[in-house]
*Asks:* 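One structure follows; several queries about it will come next.
Just so you know, ligand 1 is whichever comes first in the structure, and atom 1 is the first atom listed for that ligand.
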Amino acid sequence: MSSPRQIAPGAVHVPGWLSLGEQRDLVTACRAWATGPVPMRHTVLPRGGVMSVQTVCVGWHWRPYRYTRTAGDVNGARVAEFPRWMVDLGRRALAAAYGDHGGYTPDTALINFYDAAAKMGMHQDKDEKSGAPVVSLSIGDTCTFRFGNTENRSRPYNDLLLASGDLFVFGGPSRYAYHGVPKVHPGTADPATGLAGGRLNITMRVTGLADPLRGHGDGDLDGRLPSAG
Ligand SMILES: O=C(O)CCC(=O)C(=O)O
Ligand SMILES: [Fe+2]
């Protein structure tokens with residue numbers, strides 16, 4: 001692992017943060033999630049466009065531009081639980097980037113698979129009701145990651161390479177920075193991760209949404225129930 005590098009205030013790149021073993025375990029977990037309960041798919045945008053990346057979610061299902069527990073735009077199933085080990089991984093990631101995890105409790109992850117031709121246009125991650133940081137992990141082929149400003153999709157931005165095992169965290173003043181993936185560099189992956197080609201990106205986030213079934217989060221139901229006395 002190299003030392004953390006600040007790209008902008010609140011945006012930190014930690015090259016080679018994940019060990020090879022951790023990358024392998026994440027590839028295995030993502031492969032399983034890609035098969036169900038909600039299969040990985042190309043997200044269809046409201047105006048009919050289709051994203052070139054393939055996505056599967058855990059914890060909450062994202063579709064433009066909201067989070068739900070069930071994947072109404074795929075097969076109607078409830079997405080897989082957000083595992084405790086991923087909360088712990090998210091906390092270790094924040095501690096590595098910022099020196100302290102501050103009680104970070106991600107409740108959703110978007111898992112994106114990029115083939116050699118896939119890209120992601122400049123966008124903000126703003127469907128979350130929480131301003132908590134986004135933790136991004138990359139595995140497989142290296143990509144060019146464009147990290148911009150909070151005002152618009154254009155310059156100033158920074159182009160950096162995200163390679164297998166890299167951590168990128170954006171929070172604080174960078175939380176709503178525009179970002180995207182203009183290019184994946186085929187043939188740059190180490191097959192020892194279990195991913196022979198393509199790029200896997202996992203972003204953990206805090207939705208800030210209540211879970212009506214469990215009473216977690218904002219609008220916690222527990223607070224509104226009559227006390228047992
Ligand atoms: O693939 C990446 O590095 C970024 C993914 C991303 O921005 C997103 O899923 O919102
Ligand atoms: Fe994003």
*Asks:* Tell me the salt bridge (Lys or Arg N to Asp or Glu O under 4.0 Å) pairs involving residues 84-106, sequence neighbours left out?
*Replies:* E22-R92, R84-D88

*Asks:* Under a 3.5 Å distance rule, please check whether T108 uses its side chain to pair with a backbone N or O of W60 as donor and acceptor.
*Replies:* yes

*Asks:* Can R146 be said to sit on top of Y157's aromatic six-ring, NZ or CZ under 6.0 Å from centre and within 45° of the ring axis?
*Replies:* yes

*Asks:* Check D127 with R205, please: is the shortest side-chain N to carboxylate O separation under 4.0 Å?
*Replies:* no

*Asks:* Which pairs with one or both residues in residues 167-177 pass side chain to side chain donor-acceptor pair (under 3.5 Å), sequence neighbours excluded?
*Replies:* E128-R175

*Asks:* Taking A71's backbone N and O only, do any of them form a donor-acceptor pair with R78's side chain (distance below 3.5 Å, no angle check)?
*Replies:* no

*Asks:* Is the backbone of T68 close enough, under 3.5 Å, to the side chain of T70 for a donor and an acceptor to pair up by distance?
*Replies:* no

*Asks:* Which of parallel (below 30°), tilted (30 to 60°) and perpendicular (above 60°) describes W62 and Y65?
*Replies:* perpendicular

*Asks:* Run through the protein N/O/S atoms less than 2.8 Å from the Fe ion (ligand 2) and write them out by chain and number.
*Replies:* H123 NE2, D125 OD1, H179 NE2

*Asks:* Look at the rings of F168 and H13 and say which category their plane angle falls in: under 30° parallel, 30 to 60° tilted, over 60° perpendicular.
*Replies:* tilted

*Asks:* Which atom pairs, nitrogen or oxygen on both sides, join ligand 1 and the protein at under 3.5 angstrom?
*Replies:*
| from | atom 1 | to | atom 2 | distance (Å) |
| --- | --- | --- | --- | --- |
| ligand 1 | 1 (O) | Y114 | OH | 2.4 |
| ligand 1 | 1 (O) | R199 | NH1 | 2.8 |
| ligand 1 | 1 (O) | N201 | OD1 | 3.4 |
| ligand 1 | 3 (O) | R199 | NH1 | 3.4 |
| ligand 1 | 3 (O) | R199 | NH2 | 2.8 |
| ligand 1 | 3 (O) | N201 | ND2 | 3.3 |
| ligand 1 | 7 (O) | H123 | NE2 | 3.1 |
| ligand 1 | 7 (O) | H179 | NE2 | 2.9 |
| ligand 1 | 9 (O) | N112 | OD1 | 2.8 |
| ligand 1 | 9 (O) | R205 | NH2 | 3.3 |
| ligand 1 | 10 (O) | H123 | NE2 | 3.0 |
| ligand 1 | 10 (O) | D125 | OD1 | 3.2 |
| ligand 1 | 10 (O) | R205 | NH2 | 2.9 |

